[in-house]
Peer 1: 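Just passing along the structure, written as structure tokens.
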Amino acid sequence: MKVTTRGSFPISYESLRVKQKVRGGVHHQGPNEIGVLGVSGIVKMIKAVMMMNTQGKPRLAKFYDFLVRCLPVEKQQELIRGVFSVLSSRPENVSNFLEIDSLFGPDSRLVYKHYATLYFVLVFDGSENELAMLDLIQVLVETLDKCFSNVCELDIVFNYSKMHTVLDEIVFGGQVLETRSDEIMKAVEEISKLEAASNSISLVPKSVSGWRGGR
Amino acid sequence: MDNLFQRSLEDLIKGFRLQLLGESSFISRALEEIRREVKATDLSTKSTALHKLSYLAAIHGVDMSWAAFHALEVVSSSRFHHKRIGYQAITQSFHDQTSVLLLITNQLRKDLNSVNEYEVSLALECLSRIGTRDLARDLSPEVFTLLGSSKSFVRKKATGVVLRVFDKYPDAVKVCFKRLVENLETSDPQILSAVVGVFCELASKDPTSCLPLAPEFFKILVDSRNNWVLIKLLKIFSKLASVEPRLGRKVAEPICEHMKRTVAKSLVFECVRTVVSSLSDHEAAVELAVAKIREFLVEDDPNLKYLGLHALSIAAPKHLWAVLENKEAVVKALSDEDPNVKLEALHLLMAMVTEDNVSEISRILMNYALKSDPLFCNEIIISVLSVCSRNAYEIIVDFDWYVSLLGEMARIPHCQRGEEIEHQLIDIGMRVRDARPQLVRVSWALLIDPALLGNMFLHPILSAASWVSGEYVEFSKNPYELVEALVQPRTDLLPPYIRAIYIHSVFKVLVFCLGSYFSAQESSSGSSSTVYESILNLVNVIEIGVWPLSGAYDVEVQERAKNVLGFIGMAKQDIAKNVNLQDNDAEACRVTAFMEDMFSEELGPISANAQEKVCVPDGLELEENLGDLEEICGKFLKPVESDSVSCTDKISFSVSKLRIRDQQEASSSSTSLPAKASSSLLAEHRKRHGMYYLTSEKNDPDSNGTPKDYPPANDLASEILLDPLDPKRKAKHRKSRPVVVKLDEGGESRITTSQAKTKQESVTDDESLSRAIQSALLVNKKGKEREKCEGNSNLVVQEEETSRIEKPQNSEKKKKKKKKKNGERTSGKHRSRRRSEVASSSEQVEIPDLLL
């Protein structure tokens with residue numbers, strides 16, 4: 001399903017090169033050691049998850065912070081633009097943390113990671129550990145890599161729905177619930193199966209009824 | 001047949017990439033299509049349309065609130081695929097005000113009870129995102145059931161939703177809390193970490209209410225090897241230790257263990273952060289933490305370096321030695337390419353500043369400011385300014401140095417902090433008398449610097465420099481050059497209000513020069529022609545420079561220019577006449593003497609509370625609305641003396657006004673800075689209201705022949721805080737610290753109390769939840785105790801543990817108490833439980849000391 005890019009915006013086929021960038025759990029003890037983290041938020045711990053490409057096009061945006069969620073969509077888009085303008089001004093090889101109280105209210109931190117043509121961004125508050133959040137991005141990207149085998153930006157563009165499935169397994173209402181990518185994969189596959197099954201059941205009777213109705 | 005030709009989400013995305021219409025028109029066409037499709041009776045068509053809509057809303061910011069009801073329709077489908085799309089749309093677009101929100105309760109309940117764990121998970125996710133008070137209340141029984149589910153997939157998500165439910169509906173705590181606590185003992189790592197996460201949030205909201213669970217947390221802290229769980233536990237303990245300091249001693253040991261054992265940097269960092277922020281009294285732990293920080297600082301990874309510096313700055317207030325030990329690394333970090341690292345390093349460096357090293361650190365920072373980018377440069381300048389001026393320049397001993405530093409700052413090319421520097425230049429001038437000669441020298445250098453005039457950010461500095469030069473003109477080496485600098489043609493780059501200050505300074509210089517000229521004549525009773533020529537030159541320069549300004553558009557500039565010119569016109573004749581001062585009739589001499597008197601009156605700093613000290617006289621109505629008065633006596637109000645209006649402004653005197661006042665013998669102005677030569681009326685006024693004045697008329701017997709008494713402060717002795725010259729300090733510095741006038745510090749404490757008040761207010765918001773948790777805990781503990789009493793298997797271990805930690809005198813006391821109650825031998829844990837029981841009966845939660 002690799003479509004040629006004749007679209008109005010350039011996109012890279014370049015794989016996100018997750019594999020090379022995996023640092024074997026630099027911050028945690030290693031993939032096996034990364035456990036599950038269940039967190040919860042009156043004070044939402046993860047306020048937002050965003051993905052955007054290096055041109056600032058949002059590819060995925062999910063807000064958990066109640067205040068941000070209630071904002072009108074234009075304001076949310078403004079937030080995304082604000083984050084992007086900060087990110088794009090940062091040089092390479094500097095720390096991945098930012099304090100962005102100006103955009104998300106007091107005690108807001110942001111961690112981002114730049115893979116090929118994409119920025120992965122997590123906004124969180126004081127209840128999370130900065131390095132753990134960096135690992136969480138790693139978990140997310142690793143899982144996507146397993147899902148799409150060598151994930152690239154196009155996969156993320158065309159698999160909007162699946163992206164959400166993956167993300168929802170990891171972050172639940174602003175709380176990190178699962179950090180083992182095999183567990184995430186298992187759930188994602190189950191859900192895909194269920195969806196496919198419910199669709200195939202529907203197809204037969206519907207097309208028949210559609211046939212009758214149409215003619 | 002709709003279904004067959006309907007564009008799927010994938011088609012939409014593809015179309016998007018191939019479209020040639022332009023994004024907005026493509027979106028509006030797609031929206032049109034969606035609006036049509038979503039009305040279809042067929043759920044497949046409807047759900048696909050909804051799916052496309054939520055995509056457009058998330059990525060392209062399209063409004064989807066209009067489709068709320070359609071989302072509800074889709075969610076009620078029996079097919080998983082539709083349900084998922086529906087729930088996604090709902091979580092994305094619903095909020096508290098969505099009108100159809102009420103209709104979702106039954107659907108959620110149905111799905112929460114579903115046998116399909118993925119359907120349950122969808123409903124839970126939805127509840128965790130959009131849960132309102134009503135939803136939380138109606139669905140808490142279902143959540144309770146799911147908390148005990150045998151499927152761990154469901155149980156962890158149910159745990160995740162608990163916080164939202166508690167938050168919206170505190171009474172749910174009664175129902176769900178027991179199950180939550182039970183889950184703390186689960187063997188399933190996922191659920192454990194979910195539960196610990198919930199408690200982490202609860203503890204951060206109200207630490208006291210979670211305190212009774214400390215033993216359970218402690219057990220996990222010791223046993224668990226899961227980094228995610230441990231991080232959350234550390235956060236919990238750091239919150240708990242803030243309300244129960246004795247807890248710190250207990251947890252310090254296991255935390256150190258983790259710090260030594262683990263290679264996971266995230267956990268190490270969390271340990272470090274916990275130790276430096278909450279266990280700062282435990283020396284061994286702090287030392288270990290600082291050692292770990294040092295490891296972070298030498299890492300190449302900028303993230304670790306940044307976090308290391310961040311941890312240091314948390315430690316700085318209580319353990320400055322930790323920062324000093326790493327001073328080199330901190331200074332090195334100043335030139336890091338990472339803005340975060342640089343900023344943290346700057347904060348740390350500022351934390352290190354003392355009166356001994358302030359000049360060294362400022363020197364380093366100024367060098368960095370010269371070569372760094374504008375943003376960081378100004379960050380440096382503002383931190384140096386604020387640290388040095390803290391508490392009335394507490395750390396500054398050598399003001400000559402500091403004033404020169406201010407001058408240097410003004411010359412840093414990126415400097416944009418003109419206003420702060422302006423304020424400090426004037427402030428030091430008023431507060432620190434010994435600094436004035438240097439201040440005048442620095443100001444002079446600033447005034448003649450051509451670079452400053454062109455930079456609008458620095459104009460405020462020039463305004464301060466010109467004011468200082470005029471006000472303290474007696475220290476000026478060469479008034480002639482000063483005047484030249486003040487009237488140089490390039491000053492037309494300045495905004496009018498600063499030019500007005502320039503002209504006024506010129507006026508002050510002129511008065512000073514004429515005054516000394518006349519008095520020199522008086523003493524020598526003859527004039528050398530050189531002195532005469534130089535004074536004539538000065539007057540001419542001023543006249544030429546100020547003349548064009550008498551036609552300026554700005555009235556302030558114009559008026560001041562005219563004042564100066566008028567004064568010159570009057571004085572010139574007398575100078576030309578070479579008047580002898582013995583002849584007191586000469587108008588110029590008289591006026592000059594008067595002016596000189598007036599300008600030499602010291603201006604002092606003004607207390608922030610000055611206004612409050614003025615008590616409202618009897619019968620004065622401040623609250624009364626005087627709007628009607630205008631109508632009644634509008635006519636009579638007009639001819640009010642303009643004299644008493646603007647005199648408060650310390651630099652807005654004008655000659656015309658002064659003349660009038662001279663004639664009237666300064667009749668009735670209430671707040672002007674009076675000349676010494678003024679009438680007895682004024683003196684009487686002064687006597688009555690003297691306490692509101694900052695300048696003092698009393699002669700200080702200690703003043704050693706200086707023209708003015710110092711400090712110019714009011715009569716309330718308590719108001720003035722003459723910095724006592726500490727003998728120790730004297731020995732240390734060759735140059736003793738000059739006197740700095742400090743006014744009352746009451747204002748600060750007032751501010752802090754008001755802050756405390758607001759904090760308290762915010763706490764009350766959360767009270768309902770914490771009260772619920774506390775009561776739930778009590779019930780829980782009671783139940784548990786009963787359980788444990790019946791079958792106490794592992795009690796012995798706990799008994800040993802707790803009794804070991806308990807303070808001997810504490811346990812003594814309590815044992816007695818216990819014996820009185822029920823004479824049986826019980827463990828420490830038991831004791832605490834019983835205490836909780838006692839507490840519950842008195843409706844008050846007590847903090848058990850089972851760990852201590």
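In what follows, chains are A, B, ... by sequence order, proteins preceding strands, each numbered from 1.
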Peer 1: With side chains defined as the heavy atoms from C-beta onward, is the minimum distance between B:Phe153 and A:Glu169 less than 4.5 Å?
Peer 2: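 B:Phe153 reaches A:Glu169 side chain to side chain.
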
Peer 1: For the atom pair OG (A:Ser127) and CD1 (B:Ile231), what is the distance rounded to the nearest 0.5 Å?
Peer 2: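 The CD1 atom of B:Ile231 is 12.5 Å from OG of A:Ser127, to the nearest 0.5 Å.
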
Peer 1: So which of B:Thr91, B:Leu127, B:Asp63 has the largest heavy-atom pair count under 4.5 angstrom toward chain A?
Peer 2: B:Thr91

Peer 1: Is B:Lys235 close to chain A through its backbone or its side chain, or both, or neither, when contacts mean heavy atoms under 4.5 Å?
Peer 2: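 The answer is the side chain of B:Lys235.
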
Peer 1: Applying side chain to side chain contact (heavy atoms under 4.5 Å, CB included), run through B:Leu122 and A:Asp168 and close with a yes or a no.
Peer 2: CA-CA 9 Å; B:Leu122 284 179; A:Asp168 288 349; over 6 Å; no

Peer 1: What heavy-atom pair brings B:Arg273 and A:Asn129 nearest, and what distance separates the two atoms?
Peer 2: NH2-CA, 4.0 Å

Peer 1: Taking side chain as C-beta onward, heavy atoms only, is B:Lys157 less than 4.5 Å from A:Glu178?
Peer 2: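 No, their side chains stay 4.5 Å or more apart.
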
Peer 1: Can you find a heavy atom in the side chain of B:Arg84 that is under 4.5 Å from one in the side chain of A:Ile191?
Peer 2: yes

Peer 1: Could you walk me through whether A:Ser95 and B:Asp338 pass the side chain to side chain donor-acceptor pair (under 3.5 Å) test, one step at a time?
Peer 2: CA-CA 7 Å; A:Ser95 59; B:Asp338 191 335; 2.4 Å; yes

Peer 1: Could you tell me which portion of B:Phe80 (side chain, backbone, both or neither) has an atom closer than 4.5 angstrom to a non-hydrogen atom of chain A?
Peer 2: both

Peer 1: Could you give the distance from OH (A:Tyr64) to OG (B:Ser128), rounded to the nearest 0.5 Å?
Peer 2: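 Between atom OH of A:Tyr64 and atom OG of B:Ser128 there are 8.5 Å.
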
Peer 1: Determine the option with the most heavy-atom pairs under 4.5 angstrom with chain A, choosing from B:Val268, B:Leu9, B:Leu234, B:Leu124.
Peer 2: B:Leu124

Peer 1: Hey, mind stepping through A:Asn96 and B:Tyr306 against side chain to side chain contact (heavy atoms under 4.5 Å, CB included) and telling me if it holds?
Peer 2: CA-CA 9 Å; A:Asn96 299 72; B:Tyr306 165 67; over 6 Å; no

Peer 1: Which atoms of B:Glu117 are under 4.5 Å from chain A, going by heavy atoms: the side chain, the backbone, both sets, or neither?
Peer 2: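 Neither; nothing under 4.5 Å.
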
Peer 1: Just wondering, do A:Ser198 and B:His82 contact through their side chains at under 4.5 Å, heavy atoms?
Peer 2: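 No; the side chains remain at least 4.5 Å from each other.
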
Peer 1: Tell me whether A:Glu130 is salt-bridged to B:Lys265, with the criterion being a basic N under 4.0 Å from an acidic carboxylate O.
Peer 2: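 Looking at A:Glu130 and B:Lys265, the cut-off is not met.
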
Peer 1: Pick one of side chain, backbone, both or neither for B:Tyr55, based on which atoms fall under 4.5 Å of a heavy atom in chain A.
Peer 2: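 When you check distances to chain A, atoms from both the backbone and side chain of B:Tyr55 fall under 4.5 Å.
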
Peer 1: Does the A:Lys62 side chain pair with the main chain of B:Ala58, one donor and one acceptor, at a distance under 3.5 Å?
Peer 2: no

Peer 1: Would you mind checking if A:Glu195 and B:Lys83 are paired as a salt bridge, meaning a charged N to carboxylate O distance below 4.0 Å?
Peer 2: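 Salt bridge absent between B:Lys83 and A:Glu195.
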
Peer 1: Please walk me through it: do B:Asn340 and A:Val94 pass side chain to side chain contact (heavy atoms under 4.5 Å, CB included)?
Peer 2: CA-CA 9 Å; B:Asn340 289 345; A:Val94 295; over 6 Å; no

Peer 1: In terms of heavy-atom pairs under 4.5 Å, which option from B:Lys239, B:Glu125, B:Glu337, B:Glu270 contacts chain A the most?
Peer 2: B:Glu125

Peer 1: Measuring heavy-atom distances to chain A, does B:Asp336 have an atom under 4.5 Å in its side chain, in its backbone, in both, or in neither?
Peer 2: neither

Peer 1: For the CG atom of A:Asp125 and the CD atom of B:Glu201, what is their distance to the nearest 0.5 Å?
Peer 2: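 One finds 6.5 Å between CG of A:Asp125 and CD of B:Glu201.
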
Peer 1: Sort by residue number and list every member of residues 75-84 of chain A having a non-hydrogen atom under 4.5 Å from chain B.
Peer 2: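 Checking residues 75-84 of chain A against chain B gives A:Gln77.
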
Peer 1: Pull out the residues in residues 181-188 of chain A that come under 4.5 Å of chain B, heavy atom to heavy atom, sorted by number.
Peer 2: A:Glu183, A:Ala187

Peer 1: Sort B:Val62 into side chain, backbone, both or neither according to what part of it lies under 4.5 angstrom from a heavy atom of chain A.
Peer 2: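 Only the backbone of B:Val62 comes within 4.5 Å of chain A.
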
Peer 1: Looking only at non-hydrogen atoms, find the nearest pair between A:Arg59 and B:Ile59 and report the distance.
Peer 2: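 Of all heavy-atom pairs spanning A:Arg59 and B:Ile59, the closest is O-CD1, 3.1 Å.
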
Peer 1: Are B:Leu304 and A:Leu131 side-chain neighbours, meaning at least one heavy-atom pair lies under 4.5 Å?
Peer 2: yes

Peer 1: Taking all atoms of both residues into account, what is the closest heavy-atom pair of A:Ala132 and B:Ser266, and its distance?
Peer 2: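 Closest approach of A:Ala132 to B:Ser266: N-CB, 3.9 Å.
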
Peer 1: Could you walk me through whether B:Lys156 and A:Phe172 satisfy the side chain to side chain contact (heavy atoms under 4.5 Å, CB included) test, starting with their C-alpha distance in whole Å, then the side-chain angles of each, then the deciding distance to 0.1 Å, before giving a yes or no?
Peer 2: CA-CA 10 Å; B:Lys156 87 181 172 198; A:Phe172 177 92; over 6 Å; no

Peer 1: Please report the interatomic distance NZ(B:Lys14) to CZ(A:Phe158), rounded to the nearest 0.5 Å.
Peer 2: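 CZ of A:Phe158 is found 6.5 Å from NZ of B:Lys14.
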
Peer 1: Measuring from atom OG1 of B:Thr159 to atom CD of A:Gln175, what distance do you get when rounded to the nearest 0.5 angstrom?
Peer 2: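 CD of A:Gln175 is found 9.0 Å from OG1 of B:Thr159.
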
Peer 1: When only pairs under 4.5 Å are counted, which of A:Val111, A:Leu60, A:Asn93 shares the most heavy-atom pairs with chain B?
Peer 2: A:Asn93

Peer 1: Do the non-hydrogen side-chain atoms of B:Arg17 and A:Leu154 ever get within less than 4.5 Å of each other?
Peer 2: yes

Peer 1: What heavy-atom pair brings B:Arg129 and A:Gly173 nearest, and what distance separates the two atoms?
Peer 2: CD-CA, 3.9 Å

Peer 1: With only heavy atoms counted, which part of B:Ile85 is less than 4.5 Å from chain A, the side chain, the backbone, both or neither?
Peer 2: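 When you check distances to chain A, no heavy atom of B:Ile85 falls under 4.5 Å.
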
Peer 1: So how far is it from A:Leu177 CG to B:Gln190 CD, rounded to the nearest 0.5 Å?
Peer 2: 9.0 Å

Peer 1: For B:Ser54 versus A:Tyr160, what's the shortest heavy-atom pair and its separation?
Peer 2: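 For B:Ser54 and A:Tyr160, the tightest heavy-atom pair comes out as O-OH, 3.4 Å.
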
